[in-house]
Structures are given as C-alpha cells and as structure tokens.
Amino acid sequence: MTNFISEIKRTHSCGALRATDAGQTVVLFGWVASRRDHGGAVFIDLRDREGLTQVVFEADVSTEVQALAHELRLEFVIGVRGVVKNRGGNVNPKLATGSVEVHATELCIFNRSEAVPFPIEDRVDTAEEKRLAYRYLDLRRAPLQQALITRSRMNTLTREVLSAQRFLELETPFLVKYTPGGARNFLVPARLNPGKFFALAESPQIFKQLFMVAGFDRYFQIVKCFRDEDLRLDRQPEFTQIDIEMSFVEQNDVFTVVEGLLSKLWKEILGVELPTPFQRMPYDESMRLYGNDKPDLRFGMPHHDLTALARSHEGGSVALFAETIAQKNGLLKAMVVPASANLSRADAEKLEELARSMGAKGLARAKIAEDGSWTQSPLAKTITPELRLAINAQVGAKAGDLLLLQMGPAAQVHTVMANLRVHLGKKLGLIPPHGSGGQWRFLWVVDPPLFEYDEEAQRFVAAHHAFTRPHDTDVQYLETDPERVKCWRYDCVLNGFEIGGGSIRLHDPAVQARVFKAMGISDEEAETKFGFLLQALRYGAPPHGGIAIGMDRLAMLLTGAESLRDVIPFPKTQKGSDLMTDAPGDVEERQLRELFVKSVAPPSTR
RNA sequence: GGGGUGUUAGUUAAGCUGGUUAUAACGCUGCCCUGUCACGGCAGAGGCCAGGGGUUCGAGUCCCCUACACCCCGCCA
C-alpha cells in the first residue's frame with residue numbers, strides 16, 4: 001500500500017475540481033459523506049471544508065482497492081489517488097464539482113469511524129442537546145463550517161479596515177478588579193492573595209480609555225468579554241466584541257468609522273452595498289414609537305401614546321384609564337393591527353396570553369366597526385364616545401382594524417408592546433421568523449438620557465456608565481432636572497438587534513464630579529470605586545470616545561443564523577453549561593482550600 | 001425568581017377517549033448488485049417510552065414532583 005501523507009500529498013480540495021481538470025491525476029483527502037455500493041462499482045461522496053467530490057471505485061481497479069472500497073462507511077477519513085473524468089451529460093447539478101468524478105486507483109483509510117450519533121447533513125433536524133454534546137461532529141456540517149469561515153473573514157477584514165485607518169490592535173487584561181454596576185462579573189479567586197478575587201472583564205472599557213490617556217490615539221481589539229447573566233438567543237456568557245476607542249473625536253467620527261467597517265463587511269461578504277450614513281433616531285422617539293431602544297425598522301406598526309389624550313378626557317369614564325393617568329409613570333399605548341391581517345378571536349386571545357407571560361395584567365382589545373364604534377371589547381360599553389372617537393382619530397384606525405391597548409407603569413407597557421409588535425410583525429409575515437429577508441435596516445439610536453431613576457435604590461443611576469459625556473446644553477440641568485440631561489451615547493441597531501453601543505466619554509473632571517453628585521455618589525465612594533480612572537483623567541486626558549460592536553451578533557445576522565450558538569464554535573446552553581465537556585464541573589475540596597474558598601451550595605446541587 | 005414548549009430504538013417522528021407483541025422512515029449488521037448521486041433488493045439486530053412518585057384491575061397515554069433542552073419576562077447594553 002502506498003504511503004499516503006508521507007509520500008503522497010493532497011493536490012486539490014474536495015470543492016476544487018471542474019470539467020477543465022479532466023485527465024489529471026489528483027489526490028484528495030477527506031471524510032466519506034455518503035456511499036453507494038453497487039458491488040461492482042462503489043460511489044463515494046468525499047467531503048472536506050471546501051465541498052464534495054464524487055469518487056468512483058470500479059471493478060477494474062486492483063482487488064485490494066476493491067476490497068477496501070467495500071469496507072468504507074460514513075465518516076471514514078480517507079486518502080484517494082485517481083484520475084479526473086468528465087461525466088459528460090451525466091452531471092450532478094447539486095454539487096459544484098458535479099461535472100467530474102475521480103476514478104480511484106489508490107485508497108488509504110486513515111481512520112475508521114463508529115456509526116455517528118446523528119447524520120452529518122446540511123439540514124438540521126437533530127435535537128440541539130445532541131448536537132452540542134457532539135459539537136465536533138455538528139461542526140462538520142457545511143452550514144456551520146460556512147458560518148465559522150465567514151467569521152474568520154470578518155476578523156481579517158476588520159483588522160484590514162481598522163489598521164488602514166491607523167488603529168492599533170492592543171490587548172487588555174481579562175483578570176481585572178471587580179467594579180460595581182453593570183453586568184454581573186464572573187469571579188476568580190486569587191490564590192496568591194487569600195480571600196481576594198479577580199473579576200473576568202465584562203469589557204475592556206476602562207482600559208481602552210487608559211490607552212487614550214496614554215496617547216495611543218486609536219485602539220481596537222477583537223476581544224472576548226465575560227458576563228455572568230442569564231442567556232438568550234442572542235446572549236452568551238462569553239462573547240466577542242470589536243472594541244474601538246478614538247481620541248480627539250465627536251460622535252460623527254465614531255459613526256463614520258463604524259459605518260465604513262460595516263459597509264466593508266457587507267460588501268465583501270454579501271456583496272451588498274450599504275447606504276451611508278445610517279439613519280438616526282433619538283432615543284425618545286424610539287421609545288415612543290417602538291417601546292424599546294432597538295427597533296426593527298423593516299416594518300411599521302408603530303405604537304401610539306394615548307396617555308395625553310386619555311388625560312384630556314379625564315379617563316373617558318374607563319376606570320383603568322383613570323387609574324393609569326393618575327400614576328406618576330402611567331402610560332397608555334395602542335397599536336393598530338390592520339383589518340387585512342384578519343386576526344381571529346382565538347389569535348387575539350393568544351396575543352393576550354403572550355402579553356400576560358410578559359407580566360401584563362391583560363391585553364385590552366377593540367375591533368373598529370363601520371361607524372367607528374368598538375366591538376369585541378370590554379371597554380366598548382364604558383368609554384365615552386368622545387374619547388373613543390378621539391382615539392380612533394389619533395391612531396388612524398379604520399373599520400375592521402383591531403386596536404390593542406396596554407396600560408400601566410411605563411416600563412412594563414413598553415416591554416409588552418415592543419414584544420407584541422415584533423411578534424405580530426413575524427405572525428403577519430411582515431418580517432421573516434429568522435434572518436433579514438434581504439432587508440438591512442441599520443439605525444443609530446442617539447441622545448438617550450444620562451440617568452434613569454432606580455425605583456429600588458431611590459436615586460438616579462447612570463443609564464450606561466458614569467463616564468458618558470452629557471450634552472453641553474444640558475449640563476445646566478444636572479442639579480435641577482437630571483432626567484432632562486441627554487448624553488453622547490449611541491447604539492447601533494440592525495433589524496431589531498443591538499449590534500453595538502458606545503459613547504463619547506466625559507473627560508472634564510469638574511462635570512464628572514457633578515455627575516457623581518447627581519447620582520448620590522460621594523467623592524470618597526467615587527475614589528474607591530473608580531479611583532484609577534479618575535486619577536488618570538486628571539493627567540491630561542484627551543477628548544475621546546468609542547464603541548463596542550457585538551461580533552457574534554454581527555456574524556449571526558450576516559450569515560442568517562437563527563441563534564448566536566450557530567456562529568460560536570463551542571457555545572453554552574441556556575443554563576450556561578457545556579454539554580460536551582460537562583462544564584462547569586466539580587472540584588476537589590483540596591483545590592478549594594488552596595484558594596481559600598468554601599462552597600455553601602446546598603448539598604442537593606453538588 | 002417567573003411564564004411557555006418539549007423529552008418514545010443510534011436519529012427524526014407516529015402512538016386517539018388508558019387495554020395486553022410500542023410502529024415507521026433513515027441509520028446500523030449480513031448477503032446480492034457496474035452508473036449511483038434520497039441507489040436498489042433480501043434478511044436481521046436494536047426500547048428502563050427522561051427520572052421519581054401517585055391514580056387504576058391495567059399507564060408511553062391521566063395527575064404531581066424533579067432533571068435536561070429550547071423560547072420569553074426579570075436580569076443584561
């Protein structure tokens with residue numbers, strides 16, 4: 001038997017051969033993706049990351065090769081030498097290499113495979129639980145390979161685009177000091193410092209600012225971040241950001257860099273020309289029309305704020321309205337489902353279920369009749385005709401339309417209505433359940449408030465972080481009307497996903513002190529928590545700002561993947577565990593002692 | 001912490017108002033087959049119906065609990 005590997009080298013990938021290669025002797029290496037054994041002739045589809053090629057073992061090859069060929073099974077790893085032949089009229093249109101086949105003269109089985117636990121096919125119908133347990137097999141599937149290959153290209157392109165603009169790729173530590181606020185940190189016991197802990201960096205935020213103070217001017221990094229929070233379809237505990245920070249810039253400069261980068265990615269990877277600059281929308285408008293700060297602009301169905309109208313009608317004799325407008329944060333919002341949607345009563349009841357599952361008390365509905373009256377509605381009898389007509393007019397409801405109403409504390413109304421809107425967008429076919437549908441609606445959400453009121457803590461807290469620069473024109477309200485202060489923070493949104501966010505930083509120590517004061521943070525407290533940054537800012541910090549772009553989400557949207565898990569090689573489950581390695585796992589008592597750590601987990605969980 | 005969906009051969013599923021031997025397809029094993037590409041033919045193996053408890057003469061099927069996976073709220077930029 002020929003000595004493959006050491007003497008015979010691969011000449012082509014399994015996706016390379018074309019009709020013009022006919023007559024060549026080639027060597028292919030790969031996995032058996034399918035086999036069709038006719039006794040006299042054996043057909044194999046050989047797979048590597050580039051594609052599939054049909055290999056034929058005919059009766060006229062040596063008896064040893066014949067015998068070996070019959071032994072081939074799915075997922076055997078083999079090497080084949082043979083002659084490329086044109087298949088003439090007998091092409092397989094499903095394969096890129098379908099016009100040719102390799103007539104094997106030599107075969108080497110590098111390794112056999114046990115029967116795999118699930119079929120390695122492009123289309124997925126295996127339970128994700130199984131796929132994750134055998135991730136290395138799942139990763140043999142072409143769609144997953146393509147997704148990761150795309151990610152690799154994204155990395156390369158990002159480095160190219162940013163390096164060409166004088167950005168330096170600099171590294172920051174993962175093991176950092178715990179700082180309060182924001183996402184929950186993973187903690188790492190510090191063996192050399194008994195009783196002390198590192199935090200895994202939730203982002204390089206502070207360090208990249210220090211790069212600016214140090215004078216590096218333009219920084220970027222493709223970097224892992226760690227957040228110990230609950231997972232979602234688009235959230236993993238460890239994820240990758242394209243982290244960027246720039247000196248001597250204002251918001252528009254950051255936008256230009258990001259728009260240039262994303263345009264390049266879309267052009268090179270999808271061949272799509274993105275219109276720039278991206279649309280911009282004030283945060284307030286986004287909340288008013290869509291109930292969240294990451295609106296999907298691929299479809300309409302905006303919300304209507306009826307609070308003021310209800311107030312001017314003193315509740316219109318609807319008890320729930322009156323109750324809502326009496327609350328400090330009470331909000332009454334409506335959404336119109338057009339008559340053309342043809343929602344059945346059962347559909348509407350399911351919507352109410354959905355609303356309840358998100359904490360709503362219910363979902364008031366009203367069907368608009370020809371004369372503008374309401375039917376199928378508990379409110380129909382009590383509401384004053386004046387308010388009813390005024391509402392119809394404000395929302396522009398026509399006969400047959402269904403009005404969905406939500407009232408209560410603003411935050412809850414927003415959550416419910418925002419999710420309902422997206423749900424209906426999918427249900428009514430305005431957007432596909434997954435993927436872009438070929439529409440790329442990029443958006444900058446800008447000018448959010450600097451503070452939000454924390455009901456629990458009874459004070460204002462930073463909506464983003466405490467180092468965001470307020471608008472100069474609003475600085476005067478820091479003491480008198482903090483809620484009115486808008487800031488230079490921005491989110492980049494694509495089709496309802498937040499794909500990036502950042503801010504222009506506050507580099508003026510005097511304003512910084514006033515911001516802390518408005519948040520009820522004493523000088524002392526600020527010094528203990530953020531001392532090193534505050535000190536750095538006192539030694540000549542340039543005006544600076546930046547952004548972090550969620551690489552995984554970008555990859556998910558770019559590849560049309562349904563989940564972040566499909567663009568991360570080794571993702572975690574919803575409970576944050578790894579089904580392949582069974583992490584997190586137990587450790588020995590001795591290891592804990594060494595770290596000066598004691599577990600107080602209930603025995604049942606150990 | 002809460003709400004929802006699911007768990008039946010290796011895989012994907014069917015299994016009705018509870019009824020005695022739990023089906024099918026693919027995969028797997030053996031034999032046959034020179035033009036397949038969803039190859040075909042014949043024969044065969046393969047099940048703690050997620051786990052535990054209950055109701056019942058009898059449970060894959062009904063009830064409760066638990067575990068795991070997924071989606072969502074809370075949480076998280």
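Just so it is clear: chains get the letters A, B, ... in the order the sequence lines come, proteins before strands, and each one is counted from 1.
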query: Which is true for A:Ala59 with a 4.0 Å heavy-atom rule: it touches a base, it touches only sugar-phosphate, or it touches nothing?
result: base
message: Tell me whether A:Asp138 is salt-bridged to A:Arg131, with the criterion being a basic N under 4.0 Å from an acidic carboxylate O.
response: yes
- prompt: Would A:Phe43 pass as stacked on B:U36, i.e. its ring centre under 5.5 Å from the base's six-membered ring centre and planes under 30° apart?
  reply: yes
Who pairs with B:A59 - Watson-Crick or G-U, where each distance is under 3.5 Å: none
task: Can you tell me, in whole Å, how much space there is between the C1' of B:G18 and that of B:A59?
output: 6 Å
query: Which whole number of Å gives the distance between the P atom of B:G6 and that of B:G53?
result: 25 Å
task: On the 0 to 90° scale, with breaks at 30° and 60°, tag the A:Phe530-A:Phe467 ring pair as parallel, tilted or perpendicular.
output: perpendicular
query: Looking only at side-chain N and O atoms, does A:Lys294 come under 4.0 Å of OP1 or OP2 in B:A77?
result: no
query: Of all the nucleotides listed (B:U11, B:C70, B:C76), which has the minimum atom distance to the side chain of A:Thr573?
result: B:C70
- prompt: Going by 5.5 Å between centroids and 30° between planes, is there a stack of A:His38 over B:C39?
  reply: yes
- request: Write down the distance between CZ (A:Arg232) and C1' (B:C73), rounded to a whole number of angstrom.
  value: 7 Å
task: Output the single nucleotide from B:A77, B:C37, B:G74 whose closest atom is nearest the side chain of A:Arg235.
output: B:G74
query: Which one, B:C75, B:C37, B:C70, comes nearest to the side chain of A:Arg87?
result: B:C37
message: Contact between A:Phe57 and A:Leu72 at the side-chain level, heavy atoms closer than 4.5 Å - yes or no?
response: yes
field: Contact under 4.0 Å: A:Arg35 side-chain N or O vs B:G27 OP1/OP2
entry: no
- prompt: Separation of A:Glu58 atom CD from B:G35 atom P, in whole Å?
  reply: 10 Å
message: Strictly below 4.0 Å, N to O, side chains only: are A:Asp578 and A:Lys572 in salt-bridge contact?
response: no
message: Under 3.5 Å, is there any donor-acceptor pair linking the side chain of A:Glu129 to the base of B:U7?
response: no
- line: Considering only heavy side-chain atoms of A:Asp230, the closest of B:C75, B:C37, B:C72 is B:C75
task: Please confirm whether A:Phe197 and A:Tyr178 have ring centers closer than 6.0 angstrom.
output: no
- prompt: OP1 or OP2 of B:A69 less than 4.0 angstrom from a side-chain nitrogen or oxygen of A:Lys130, does that happen here?
  reply: no
- line: Rounded to whole Å, CE of A:Met287 lies from C1' of B:A77 at a distance of 13 Å
task: Let me know the distance between CD of A:Glu121 and P of B:G27, rounded to the nearest Å.
output: 9 Å
query: Checking all strands, does A:Gly98 fall into the base, sugar-phosphate, or nothing category for heavy-atom contacts under 4.0 angstrom?
result: nothing
query: Strictly by modelled atom types, are A:Tyr219 and A:Asp243 linked by a side-chain donor-acceptor pair under 3.5 Å?
result: yes
field: Pair A:Arg18 + A:Asp21, salt bridge at N-O below 4.0 Å
entry: no
message: Of the options B:A77, B:G74, B:U34, whose atoms approach the side-chain atoms of A:Arg489 most closely?
response: B:A77
- line: Taking a pair to mean Watson-Crick or G-U wobble geometry with both distances below 3.5 Å, B:C49 pairs with none
- line: Taken to the nearest whole Å, CD/A:Glu128 to C1'/B:A69 is 8 Å
message: How many whole angstroms separate atom NZ of A:Lys94 from atom C1' of B:U36?
response: 12 Å
- prompt: Considering only the C1' atoms, how many Å lie between B:U56 and B:U11, rounded to the nearest integer?
  reply: 35 Å
- prompt: Considering heavy-atom distances to RNA chain B, does A:Gly502 or A:Ser577 have its closest nucleotide positioned more toward the 5' end?
  reply: A:Ser577
Between P of B:C37 and CG of A:Asn92, the distance in whole Å: 9 Å
query: When rounded to the nearest Å, what value does the distance between C1' atoms of B:U66 and B:U29 take?
result: 38 Å
message: Applying a 4.0 Å non-hydrogen cut-off, can you work out what A:Glu202 is touching in the nucleic acid: base, sugar-phosphate, or nothing?
response: sugar-phosphate
message: Taking only the C1' atom of each, what is the distance from B:C33 to B:G10 in whole angstrom?
response: 27 Å
- prompt: Do A:Arg36 and B:U34 have a side chain to base donor-acceptor pair shorter than 3.5 Å?
  reply: no
- prompt: So does A:Ser203 get a side-chain nitrogen or oxygen closer than 4.0 Å to the phosphate oxygens (OP1/OP2) of B:A77?
  reply: no
- prompt: Can you tell me if the side-chain N/O atoms of A:Gln574 get under 4.0 Å from OP1 or OP2 in B:C71?
  reply: yes
Please list every donor-acceptor pair under 3.5 Å in which a side-chain atom of residues 420-431 of chain A meets a protein atom from a residue at least two apart or in another chain.
from, atom 1, to, atom 2, distance (Å)
A:Arg421, NE, A:Gly300, O, 2.9
A:Arg421, NE, A:Met301, O, 3.3
A:Arg421, NH1, A:Asp296, O, 3.4
A:Arg421, NH2, A:Asp296, O, 2.8
A:Arg421, NH2, A:Phe299, O, 2.7
A:Arg421, NH2, A:Gly300, O, 3.0

- request: Determine the interatomic distance between P on B:G41 and the same-named atom on B:C37; round to the nearest Å.
  value: 12 Å
field: salt bridge (Lys or Arg N to Asp or Glu O under 4.0 Å) partner of A:Asp45, the single match among A:Arg36, A:Arg35, A:Lys94
entry: A:Arg36
message: Could you identify the nucleotide paired to B:U21, looking across every strand shown and requiring Watson-Crick or G-U wobble geometry with both distances under 3.5 Å?
response: none
query: Can you tell me how far P in B:C64 sits from the matching atom in B:C26, rounded to whole Å?
result: 39 Å
- line: Taking B:C75, B:C37, B:A77 as options, the one with an atom nearest any side-chain atom of A:Ala463 is B:A77
- request: Specify the separation, in whole Å, of atom CG of A:Leu46 and atom C1' of B:C37.
  value: 14 Å
query: Is a donor-acceptor contact shorter than 3.5 angstrom present between the side chain of A:Arg227 and the base of B:C76?
result: no
field: Selected nucleotide, minimal atom distance to A:Lys575 side chain, candidates B:A77, B:C75, B:A69
entry: B:A69
message: Considering every strand and a 4.0 Å limit on heavy-atom distances, what is the contact class for A:His70: base, sugar-phosphate, or nothing?
response: nothing
- request: Could you tell me which nucleotide pairs with B:C68 by Watson-Crick or G-U wobble geometry, both distances under 3.5 Å, or answer none if nothing does?
  value: B:G6
- request: Kindly say whether, by distance alone, the side chain of A:Asn419 makes a donor-acceptor pair under 3.5 Å with the base of B:C72?
  value: no
query: Taking the same atom, C1', in B:A22 and in B:C49, what whole-Å distance lies between them?
result: 8 Å
query: Is there a Watson-Crick or G-U wobble partner for B:C28 with both distances under 3.5 Å, and if so, which one is it?
result: B:G44
message: Nearest heavy atom decides the nucleotide; on that basis, is A:Leu74 or A:Glu353 closer to the 5' end of RNA chain B?
response: A:Glu353
message: Measuring to OP1 and OP2 of B:U29, would you say a side-chain N or O of A:Arg73 lies under 4.0 angstrom away?
response: yes
